[in-house]
There are 2 protein chains.
Amino acid sequence: MSQPQFKNWQAIQDEVLRRIHAREWPPGHVIPGEVDLAAEFGCARATVNRALRTLAEAGILERRRKAGTRVALHPVSRATVDIPIIRQEIEERGSAYGYRLVSRETALPPARARIMLCPDTPAPCLHVRALHLADDSAYTLEDRWISLTTVPEAADQAFDRISPNEWLVTTAPFTHGDIAFGAAAATAEEAGLFETETGAPVFVIDRTTWDHARAITTVRLVYAPGYRIHTGIGG
Amino acid sequence: MSQPQFKNWQAIQDEVLRRIHAREWPPGHVIPGEVDLAAEFGCARATVNRALRTLAEAGILERRRKAGTRVALHPVSRATVDIPIIRQEIEERGSAYGYRLVSRETALPPARARIMLCPDTPAPCLHVRALHLADDSAYTLEDRWISLTTVPEAADQAFDRISPNEWLVTTAPFTHGDIAFGAAAATAEEAGLFETETGAPVFVIDRTTWDHARAITTVRLVYAPGYRIHTGIGG
DNA sequence: GAGTGGTCTAGACCACGGT
DNA sequence: CCGTGGTCTAGACCACTCG
């Protein structure tokens, strides 16, 4: 059973994928244990582990102690989406970046933002609305609430030159967050900015970030009509 | 320099993240090499490698041979999105799944689909449109083109009971793919199915999958108004 | 050329979780 | 209980790439 040597974990991964594709290991099938595979492939168990663990992270395999490793029954596609800083995204598109502050005020957040930022006791937050431009045309409207409890320094920032988006990433790093993508109808104001009509479909990202247990900020990004998020899966 | 022992790679990862957050290692800073860190943390180099490699995959660090490891200048949030089979998605929501075939025909694909499926020479493809229902109300409209060159068996499938979505994942596994998320205006037909008005904003997923070099299928999924994709980052 | 990360090995111990 | 995956170790060689 000594195949012509699978030396590196990527080669083993490819071989495992081949067997899955060839239906030698159909969905739900429990594949041999790491020790057996290591013996078959003529390599150390750690190498097999690396290959199988990576496939499990990709959603191809399901692994459980004692139960063993099986081919996933419902092969979900797991896509990784990069969400860069808006300025960087515009510049990488080859466009000139522009920025304009729309409004800035301290207020008690409305229900949706309050639930994310201060679910216990309502506290005043900084509300900033700003427009990001690509080649002088509106690209994204940033509607953000910043917790002054977690980031009191934000109160001293005018945000007339630097966007909250950019200021926060270099000032208040987060430990974890929460993102949602959706579609919405452009408000009258948004329609004016994006030079389209009220009710036009726009792509929306809602994101909230935390530093450990403390909420930092929650933001709604409304993109100009036609915006798409694009990524690859597999390979 | 012997800290109170960092034994597992997750603890090391936490400590590295702490130093980044505390600005001991600011963005762009080149951090010590693996051997140094292993000595400082009192563990094997492989353990440090595991911790740093994982952080690099998350986009927090940038690693290059000889150049060393540095804190990423532009901290992109890298979100992983699971795209399950539609039936599974509906059932996991706790709803009853329903399916209805809308149309099925063999034809030459229009420009957008042809570019994805058969960029060289136009070839007839199977065009299937089907509706996925959650608790008897429209959830997703699946508009799919299947390459009969790559998947000739599809010609024998009626798709009146099983959706192309479900049939393909168990029949024609893919090696890699391409996904885009966006917003669009509902057509008159979509508006009727989703019980909304023409032009209403709907969430759209365009996905194309390949088996090695051969294109399998390209699909547009139009979701009922209010649909959102939700995921976490970090953690 | 030399230093850094990338990987492999052979062995070991541990933790979870089916039986 | 005890088998399986999860992880750590100490050492080694390789490959890329910067200077």
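Throughout, a chain's letter reflects where its sequence line sits, starting with A, and its residues are numbered from 1. Side-chain atoms are counted along with the backbone in the values below, which use heavy atoms only and exclude waters and symmetry mates.
Judged as a salt bridge (charged side-chain N to carboxylate O under 4.0 Å, His left out), and not counting sequence neighbours, the contacts of B:Arg87 are B:Glu91, B:Glu166. In terms of the salt bridge (charged side-chain N to carboxylate O under 4.0 Å, His left out) criterion, B:Arg114 has no residue partners (sequence neighbours excluded). The side chain to side chain donor-acceptor pair (under 3.5 Å) search around B:Asp160 returns none, not counting sequence neighbours. For A:Asp178, there are no salt bridge (charged side-chain N to carboxylate O under 4.0 Å, His left out) partners, not counting sequence neighbours.
In this pair, B:Phe159 and B:Trp167 present their aromatic rings perpendicular. The plane angle is above 60°, beyond the 30 to 60° band.
Between A:Arg53 and A:Gly68, the residue whose closest nucleotide on DNA chain D is further toward the 5' end is A:Gly68.
Counting to the nearest Å, the P atom of C:dT4 and the CG atom of B:Leu61 are 16 Å from each other. Put simply, CD1 on B:Ile31 is 8 Å from P on C:dG5, counting in whole angstrom units. Residue B:Asn49 contributes atom CG, which lies 14 Å from atom C1' of D:dT7 at whole-angstrom precision. Counting to the nearest Å, the C1' atom of D:dT7 and the CG atom of A:Leu52 are 15 Å from each other.
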Collect all protein-nucleotide pairs involving nucleotides 8-11 of chain C in which both atoms are nitrogen or oxygen and the distance is under 3.5 Å.
residue	atom	partner	partner atom	Å
C:dC8	OP1	A:Lys7	O	3.3
C:dC8	OP1	A:Trp9	N	2.5
C:dT9	OP2	A:Ala44	N	2.7
C:dT9	OP2	A:Thr47	OG1	2.5

Return the polar atom pairs (N/O with N/O) between nucleotides 15-19 of chain C and the protein under 3.5 Å, or none.
residue	atom	partner	partner atom	Å
C:dA15	N3	A:Arg65	NE	3.2

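For the pair A:Ile146 and A:Leu168, the minimum side-chain heavy-atom distance is below 4.5 Å. Looking only at side-chain heavy atoms (C-beta outward), B:Ser163 and B:Ile86 stay at 4.5 Å or farther from each other.
For the OP1/OP2 pair of D:dT4 and a distance below 4.0 Å, the side-chain nitrogens and oxygens of A:Thr69 include no atom meeting the criterion. The shortest distance between the side-chain N/O atoms of A:Arg63 and the OP1/OP2 oxygens of D:dG6 is below 4.0 Å.
Heavy-atom minimum distance, B:Ala180 versus A:His230: CB-CD2, 3.8 Å.
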